[in-house]
Participant: 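Got a structure for you, questions after.
In the text below, chain A, chain B and the rest are named by the order of the sequence lines, each starting its count at 1. Below, each value reflects all heavy atoms present in this structure, side chains not excepted, and no hydrogens, waters or symmetry copies.
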Amino acid sequence: GISDGEEQGGPGEQRSSPTHPPFGKKQLPSIPKNAVPITKAASPASSTESANGTHASYGPFYLEYSLLAEFTLVIKQRLPGIYVQPSYRSTLMWFGVIFIRHGLYQDGVFKFTVYIPDNFPDGDCPRVIFDTPVFHPLVDSVSGELDVRRAFTKWRRNHNHIWQVLMYARTIFYKINTMDPLNPEAVVLYDKDFQLFKSKVVDSVKLCNSHLFDQPKIDDPFAISFSPWNPAVHEEAKDKMFRWPEDYNKGPLVSGLSWVKPGSTQPFSKEDIPLQT
Amino acid sequence: MEVMSWLSRLNPRGPGTRTGRHAAPTSPCTADPETCLMVFENHWRQVSRVLKQRESSVGGYADDLTAVRNHTDQMLCLLAEERPAGGDIDSPAVGPILKMVVAENILDELVQWHVRRGLDPDSQLELLKLFEMLIGQSHQPLLLHSAVLQPLLNLLGACVDPQLGSPPALESSLVLLLNQVCVCMAKETAVLELIFRCGLVQQGPTNLLIFSLLVPFIHRDGSLGQQARDALLLVMATSASNHSVARHIAENSYFCPVLATGLSALYSSLPRKIEVRGDDWHALRREDWMAVSSLVLFMNSLEFCNAVVQVAHPLVRCQLLDYLHNGFLIPVMGPALHKSSVDEMIASTAYLDLFLRSITETSLLKTFLRFILLHRHDNDTILDTLLTRISSNSRLCMVSLSLFKTLLSLNCEDLMLQLVLRYLLPCTHVMLSQRRAVRETDLYGKSADKFLSLIPECCRITPAPSSERDDEPAFWGKGSPTSESPVHPRPSTPSRLALFIRQQSSGGQAIPPSSGSENAPSSPRGSVSSPLSPDSPVHQLPDTSEGETGYLEYLRDARKGIELCSWACRDWSAPYDGENPSPNSALPPPPPPMSNPSLSMVQEHFSIMDPAQQRASVERLIEELLERAPSEPLTGDSKCQGISIEAFHQELRELEERVRERRVLSRSSEDLTDEDCLPVETEQHSSETKTESYATGVFSPARPLGPPLAQPYTGPFITVLFSKLESMMQNSLYVNILLTGVVFQLACYPQPLLRSFLLNTNMVFQPSVKSLIQVLGSVKNRIEAFAATHEDFPAMLRKARRFLVARGKLDWSDSPMGVPTLRRSDSLIKSRKPSLGDLILRHTNSPTRARHAAQLALAHVRDGGQSLHSALFRGGAASGASGLEKQAEALRVKNAVYCAVIFSEFLKELAALAQEHSVALPFPPSQGAEE
């Protein structure tokens, strides 16, 4: 569970994060007091009408497919060091983990959960909450919530995508932004006592990593959980990753037919392999 | 390894099949080897005495022959039974009897003696059988010894006249012996080499006797032909890695030409007309052709070609493919497909479809496809010709659609390029500003929504009388899903689950190694390899909320279709996304066809005219029918309840044909007037006015001369499919089922050019380019107009739906008690994928429920289905003129009502495809895609 009582960041001018110029003007809106990680079921009718209009009964499919399409985009982006997976119970909740490979937070492995509003893509931006509150200016020290809104003031369908949120969640560990922090203590240290800040970061990374093998915070079959390498379990899984599912190989007997030479648009333009005679 | 599995299929006949004298030799093998050898020596002494006695005086007496035979029998049995101890696979031990046979060249002497003596047919037969027994039963690799092989070859040479072949009486023994030899050869590859070398010495260039003896039997029917083909395949497989043997087969044998020309001969004996009763028949299924002996014969030979291509050395394979192309496809299939009678067109199209479905070898398929795509017969490619037939009358249309379904299922880039993609490549069909949108995916279900919005209001589910409620398809959202379970508020769509499954097993980026399985026993992760495991939420759905499965089924089908298709297309040369290949680099696609005589010949009566013309035409037809009615009463007695739609169609068609001919005649001399010109959108396949209209500028009156150059043209396939879709209201139920099935399959292709053209409803096309959504919109309007004028439409719709559901149920149950006419249709609904069948019936997992459903269905078919028929054909009870008129009207109503059902389901299918495309991931090319 996640407790109440997060600090509310005050509104104010934000510098554009250099890594995210396309996100436009950054205004920090208020962050809701209650970060409850249970997604409420939107009634199909209401969510549909707002989103698509005509076919109320198909509304839930639109939402689910929109989210899946977002997830597909994430996969296509091949974000470095970021892994996510929608939960079993609801596509509105995604489990994720970020691996930080260099910088202040090097070797950090941060698990998080993404909460997507049920009126997506017409609602607010998704929320990102770290399982263990990381010591970071933009992460609430109690709830673990990342300040996403500063980068996505207004969620714009077709322009904003969840992969961008994930990318943003990664970027904050490489490029520290101290404006309008959720964790003022971190900022104070960052500005006044950088050494102490650094050591607190190291402690925080250690703390997070020490919880790596904990049971997932949310009980869900698709929750991400880590365990020490166990050949009996992992070898097979790893093996499977590098193989296509057998189903595909059993597919149509003849498949993948092509005799078109790359660059050509003529059928049968590919050279036959010359025969020895 | 393919070869291996194939070889294992051929089980060499065991000793059990032996008959006659050789059946039960006094099993001397149980005796010790020394005794056996002594017995053998004894026999040999006596035989050789005879052989030597008569050395000088050729001819001999019958006594001698009998004596020699008896002793030889015994000797060969002993040899066959000999089991030498010791030795291993590389150097098998040689038994004492075999040693003696080799040392004294006994078999050779025996055969020589017979040959000198003059072989009568009886002795030939005896010897062949003896050798066959010996080779088949021996426990030692006898053929590795030239002392066995050479006399065998001599015997074969003596039995068969090089010109005349083997005497009929010997055929079965000969083929059996050859088969045995080939089986040995497959076991001991060295035998092949040996045979080859022996042959070179003995027979010079016509060597490899074993092989050439078998070739004449390639196309035989029955077990003889099968044994010969099996034997030949063994030779092929064994010689696959032996270049000199392969070369010999290719250069010195008639194997390939015989095989190819034999196919031609067999093809010419196929029925020119396929007798069918069901009005839904559209393709040759196994049950259909197993009953036609000439077709069985042909299929056996085709299967053999396929197998040869599979196992043979590349040299032989290439030669065979070459012969098939130039000796069968071009001279025989080509003309057959261009025959002028509709029956022959139907037959040849169905045959081609069957052949394509039967071939499994890629290179053979390539040969067929090359023929279809590139070969020109009278200036048109085979593909062009086949395409035009989609627009023809119902049966030819159905057979052609079925063929294209088969072609589409090949996922062949070359084919898709010729059929559709080359017309879309230049991107001239989209507005310039829209070109980038080609690659965009529909993230928020806009297109799906658009498709669903086209479901006519009159087809939305209306509350039925409670007695019928069971049969009504349930739709998502009919109930209130929210009230069911607060924990699982949303449907778990197939995509969602499949995504995980695929991610996990394919090593995609998004899944870290984790160990979720131990603490989550019900997790799909535990059953990664089987996406449809009972644990997975997909399967929980039907039980928890049956009402949701309707659309979910379509989603699942769409997903499966897209996934299989993208998997199959993963090695294509380009993504076809509007950038690669570049729109500018593409060669300009061929313009719309100028004229095609075969087109006008098989024109469908309704599809090409606008509604006003159609009405006029139908009226004219009815008049004609009325004129003829007295002489040929179509109706009148009670038997007419099961009236043949087919016959009626035929009637209509013929009349229509005559009407048109007359019209053409009357018109040919005068100039075309505007009202005669066909609407622009039907230009591609407008029939009789094609030639003239083209010249006089029907396409664009502003430019009367020459073809319209820059007019975007999406190709004949799209054009003909769209025009057929436009006439959905007039199409028969079965045409519509097939037609929507083909469009579905086309829309499964993941290439952005094609996907965006068909499914992206937000794209803005050039004004002259008709989009799928436009076509569907016009159908929607027509259905609504029709419903508005028929107040009993809702009732008819319910009945039609019930009838289709009932048929669907029969498919599922697969019960043997089907009504004959329905049985024919099973594959149709099935081939159209789950559609209605799946939609409503979900009893797959329970045999009892399935049986129950089948019984129910039968009852429905009798009461519901037939009553629909009879209700729609009520006019048929009356006789004479008014009955005919009513029948024509009834047919129209029937087609329209069925169309309304199919149309609505089709839209859901398209919506599901649009949604699934937005979440589909491309597959990386397979390794070694470049061979």
Participant: Let me confirm one number: the CG-CH2 distance from B:Leu369 to A:Trp259, rounded to the nearest 0.5 Å.
Facilitator: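 Answer rounded to 0.5 Å: 5.5 Å.
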Participant: Tell me whether the count of non-hydrogen atoms from other residues, nucleotides or ligands lying under 6.0 Å of NZ in B:Lys450 goes above 12.
Facilitator: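 Counting neighbours around NZ of B:Lys450, 12 or fewer heavy atoms of other residues, nucleotides or ligands fall under 6.0 Å, so no.
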Participant: List the atom of B:Asp414, the atom of A:Phe268, and the distance in Å for their closest heavy-atom pair.
Facilitator: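 So the two residues come closest at OD2-N, 2.7 Å.
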Participant: Can you tell me how far apart NZ (B:Lys366) and NZ (A:Lys270) are? Round to the nearest 0.5 Å.
Facilitator: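 Reported value, rounded in 0.5 Å steps: 9.0 Å.
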Participant: Show the nearest heavy-atom pair for residues A:Ser258 and B:Ser573, with the distance to one decimal.
Facilitator: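 Reported closest heavy-atom pair: OG-N, 4.0 Å.
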Participant: Got more than 12 heavy atoms from elsewhere within 6.0 Å of NZ, A:Lys76?
Facilitator: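 Atom NZ in A:Lys76 is crowded, with more than 12 foreign heavy atoms closer than 6.0 Å.
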Participant: So does A:Asn158 get a backbone contact from the side chain of B:Tyr444, meaning a donor-acceptor N/O pair under 3.5 Å?
Facilitator: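 Yes; judged by distance alone, with no hydrogens or angles, the pair exists.
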Participant: Shortest non-hydrogen contact from A:Tyr62 to B:Gly445?
Facilitator: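 Nearest heavy atoms, A:Tyr62 then B:Gly445: CE2-O, 3.7 Å.
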Participant: Between A:Thr72 and B:Ala920, what is the shortest heavy-atom contact and its length?
Facilitator: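 Minimum heavy-atom separation between A:Thr72 and B:Ala920: CG2-O, 3.6 Å.
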Participant: Which atoms of B:Ala448 are under 4.5 Å from chain A, going by heavy atoms: the side chain, the backbone, both sets, or neither?
Facilitator: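 Both backbone and side chain.
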Participant: If we define contacts as heavy-atom pairs under 4.5 Å, which of A:Thr265, A:Leu67, A:Leu73 has the most with chain B?
Facilitator: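 Top count of heavy-atom pairs under 4.5 Å with chain B: A:Thr265.
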Participant: Relative to chain A, which segment of B:Leu417 carries a heavy atom at a distance below 4.5 Å: side chain, backbone, both, or neither?
Facilitator: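 B:Leu417 touches chain A through side-chain heavy atoms alone.
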Participant: Which distance, rounded to the nearest 0.5 Å, do you find between the NE2 of A:His161 and the CG of B:Leu443?
Facilitator: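 Rounded to the nearest 0.5 Å, the NE2-CG separation comes to 5.5 Å.
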Participant: Please state whether the side chain, the backbone, both or neither of B:Leu415 comes within less than 4.5 Å of a heavy atom of chain A.
Facilitator: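 Neither the backbone nor the side chain of B:Leu415 comes within 4.5 Å of chain A.
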Participant: Would you say the ring centers of A:Phe61 and B:Tyr551 fall short of 6.0 Å from each other?
Facilitator: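 Distance test on ring centres: under 6.0 Å, yes.
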Participant: Under 4.5 Å from any heavy atom of chain A, what part of B:Leu425 do you find: side chain, backbone, both or neither?
Facilitator: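 For B:Leu425, the contact with chain A is made by the side chain alone.
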Participant: Is it the case that over 12 heavy atoms from other parts of the model lie below 6.0 angstrom from the CD atom of A:Glu236?
Facilitator: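 Atom CD in A:Glu236 is not crowded, with 12 or fewer foreign heavy atoms closer than 6.0 Å.
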